[in-house]
Amino acid sequence: MIYEIRSKGFMGSGSSSLNKYFKSKENAKEYADELNEYLPNMYFVNEIKLEDEENE
């Protein structure tokens, strides 16, 4: 599993990737929290399953 930082879209336009990825959920959450200090509730962590994890 990897964790991606995404930003919420404006006026229902969906979310966008920041192309920032982490192996640790805690590190990803910490990074998103830091970004949210500047724009509250704008960034979140998205979990991405890797192909080999899907086969387990």
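These numbers were taken from a predicted model, which means no experiment stands behind them.
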Any [X] side-chain heavy atom under 4.5 Å of [Y] side chain:
X     : Y     : value
Lys20 : Glu4  : no
Tyr43 : Leu18 : yes
Glu47 : Lys25 : yes
Phe22 : Ile5  : yes

- Item | Joint cluster assignment, Met42 & Phe44, ILVMFWY side-chain distance < 4.5 Å | no
- Output yes when a side-chain donor or acceptor of Lys29 lies under 3.5 Å from a complementary backbone atom of Val45, and no otherwise. no
- Quick one: pull up CG in Asn46 and OG in Ser15 and give me the separation to the nearest 0.5 Å. 7.0 Å
- Correct closest heavy-atom pair for Ser17 and Arg6 would be CB-NH1, 3.5 Å
